[in-house]
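Excluded from the calculations below are hydrogen atoms, water molecules and symmetry mates; all remaining heavy atoms, backbone and side chain alike, are included.
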Amino acid sequence: MTAIDVPASLESFRRFIIGSTCRSYAPRSYLDDFEVFAEREDDKGSIYIEAADKVTLKKIRDVTFVNARDVLGIIYNSKSGNTSLKWRQIRRNSGKVTGEASTNTLTNLAEAGVLTLEWVENYTKKKIQEGNT
């Protein structure tokens with residue numbers, strides 16, 4: 001588990017959630033719409049979107065797609081239980097991601113743009129140094 005505490009845009013965290021949960025079966029129009037988010041019930045690795053305005057669009061498999069505006073926060077827990085992350089709004093669509101992430105989740109966060117290349121390089125250097133001590 002790796003501690004995460006990084007600034008992140010709402011869109012990058014939305015891409016992370018979709019990429020980690022439902023990219024293979026989400027309707028194309030949902031993938032391209034920055035107001036569409038995936039939610040999931042508690043018993044399957046919860047994902048919850050806290051927003052001023054939220055409307056349910058469609059449930060596909062174990063994911064409910066919602067249209068959300070003025071997102072204040074997002075809670076993400078992986079099905080495996082190895083990742084627990086929160087995105088909190090700081091200003092409009094800018095926020096901060098905090099929590100604990102598995103190695104697999106780190107890859108997904110980097111692919112979505114939540115983690116920068118600089119963050120990944122620093123993390124890798126730190127792990128290499130720890131291994132050499």
Visitor: Answer yes or no: is there an ion pair linking Glu35 with Arg14, defined by an N-O contact shorter than 4.0 Å?
Guide: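 Arg14 and Glu35: not salt-bridged.
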Visitor: About how many Å separate OG of Ser102 and CE of Met1, when rounded to the nearest 0.5 Å?
Guide: 7.0 Å
Visitor: Answer with yes or no whether the hydrophobic clustering places Ile49 together with Val63; edges join I, L, V, M, F, W, Y residues whose side-chain heavy atoms lie under 4.5 Å apart.
Guide: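 Different clusters: Ile49 never reaches Val63 through Ile, Leu, Val, Met, Phe, Trp or Tyr contacts under 4.5 Å.
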Visitor: Indicate, with yes or no, if Ile74 and Leu106 share a hydrophobic cluster defined by side-chain heavy-atom contacts under 4.5 Å among Ile, Leu, Val, Met, Phe, Trp and Tyr.
Guide: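 Yes, same cluster.
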Visitor: Checking side-chain contact (heavy atoms from CB on, under 4.5 Å) between Leu85 and each of Asn77, Val97, Ile47, which is the one that passes?
Guide: Val97
Visitor: Output the distance between atom CZ (Phe34) and atom CG (Asn67), rounded to the nearest 0.5 Å.
Guide: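 Answer rounded to 0.5 Å: 9.0 Å.
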Visitor: Go through the steps to decide whether Phe13 and Asn93 satisfy the test side-chain contact (heavy atoms from CB on, under 4.5 Å), and finish with yes or no.
Guide: CA-CA 10 Å; Phe13 201 66; Asn93 291 330; over 6 Å; no
Visitor: Would you say Trp87's side chain and Ala8's backbone share a donor-acceptor pair under 3.5 angstrom?
Guide: yes
Visitor: Would Ile60 and Lys58 count as a side-chain contact (heavy atoms from CB on, under 4.5 Å) if you check the C-alpha gap in whole Å, the side-chain angles of each, and the deciding distance to 0.1 Å?
Guide: CA-CA 6 Å; Ile60 302 174; Lys58 188 176 191 177; 4.1 Å; yes
Visitor: Search all heavy atoms of Arg40 against all heavy atoms of Thr21 and return the closest pair with its distance.
Guide: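 So the two residues come closest at NH1-CG2, 3.5 Å.
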Visitor: Less than 4.0 Å between a side-chain N and a carboxylate O, is that true for Lys79 and Asp62?
Guide: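 The answer is yes: the pair qualifies as a salt bridge.
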Visitor: Atom CG of Asn104 and atom OG of Ser20: how far apart are they, to the nearest 0.5 Å?
Guide: 7.5 Å
Visitor: Please name the pair of heavy atoms, one in Ala101 and one in Ile4, separated by the smallest distance, quoted to 0.1 Å.
Guide: CB-CG1, 3.8 Å
Visitor: Any chance you could measure Lys96, atom NZ, to Ser94, atom OG, to the nearest 0.5 Å?
Guide: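 Between atom NZ of Lys96 and atom OG of Ser94 there are 13.0 Å.
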Visitor: Does Val6 belong to the same Ile/Leu/Val/Met/Phe/Trp/Tyr cluster as Leu109, with side-chain heavy atoms less than 4.5 Å apart forming each link?
Guide: yes
Visitor: Give a yes or no on whether a salt bridge exists between Glu121 and Lys125, defined as a side-chain N under 4.0 angstrom from a carboxylate O.
Guide: no
Visitor: Distance check, rounded to the nearest 0.5 Å: Thr83 atom OG1 versus Glu100 atom CD?
Guide: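 That separation rounds to 9.0 Å.
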Visitor: Using salt bridge (charged side-chain N to carboxylate O under 4.0 Å, His left out) as the criterion, list what pairs up with Arg91, not counting sequence neighbours.
Guide: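 Result, salt bridge (charged side-chain N to carboxylate O under 4.0 Å, His left out) vs Arg91: none returned.
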Visitor: For Lys54 and Glu39: C-alpha separation, side-chain torsions, deciding distance, then whether side-chain contact (heavy atoms from CB on, under 4.5 Å) applies.
Guide: CA-CA 11 Å; Lys54 183 168 73 171; Glu39 284 192 321; 2.7 Å; yes
Visitor: Apply side-chain contact (heavy atoms from CB on, under 4.5 Å) to Ile128 and Lys126, showing your working.
Guide: CA-CA 5 Å; Ile128 290 170; Lys126 180 181 167 190; over 6 Å; no
Visitor: For Glu41, does the CD atom have more than 12 heavy-atom neighbours from other residues, nucleotides or ligands under 6.0 Å away?
Guide: no
Visitor: Which atom names give the shortest non-hydrogen contact between Leu57 and Val66, and what distance separates them?
Guide: CD1-C, 3.9 Å
Visitor: Could you list all the ring-ring contact (aromatic ring centres under 6.0 Å, His included) pairs where at least one residue sits in residues 40-79, not counting sequence neighbours?
Guide: Phe16-Tyr76, Tyr30-Phe65
Visitor: When you group the ILVMFWY residues by side-chain heavy-atom contacts below 4.5 Å and let the links chain together, are Val36 and Val71 in the same group?
Guide: no
Visitor: Mind checking what makes salt bridge (charged side-chain N to carboxylate O under 4.0 Å, His left out) contact with Arg88, not counting sequence neighbours?
Guide: Glu50
Visitor: Should Ile17 and Leu72 be counted in the same cluster of Ile, Leu, Val, Met, Phe, Trp and Tyr side chains packed under 4.5 Å apart?
Guide: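 Per the 4.5 Å side-chain linkage, Ile17 and Leu72 are not co-clustered.
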Visitor: Work out which heavy atom in Ala26 is nearest to a heavy atom in Leu31; give both atom names and the distance.
Guide: CB-CD2, 3.7 Å
Visitor: Please lay out, stage by stage, how Glu111 and Arg15 fare under the test salt bridge (charged side-chain N to carboxylate O under 4.0 Å, His left out).
Guide: CA-CA 9 Å; Glu111 286 178 357; Arg15 284 193 311 262; over 6 Å; no
Visitor: Minimum heavy-atom separation for Ala51 to Ala68, with atom names?
Guide: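 Result for this residue pair: CB-CB, 3.9 Å.
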Visitor: Hey, could you give me the OG1/NZ distance between Thr103 and Lys127, rounded to the nearest 0.5 Å?
Guide: 8.0 Å
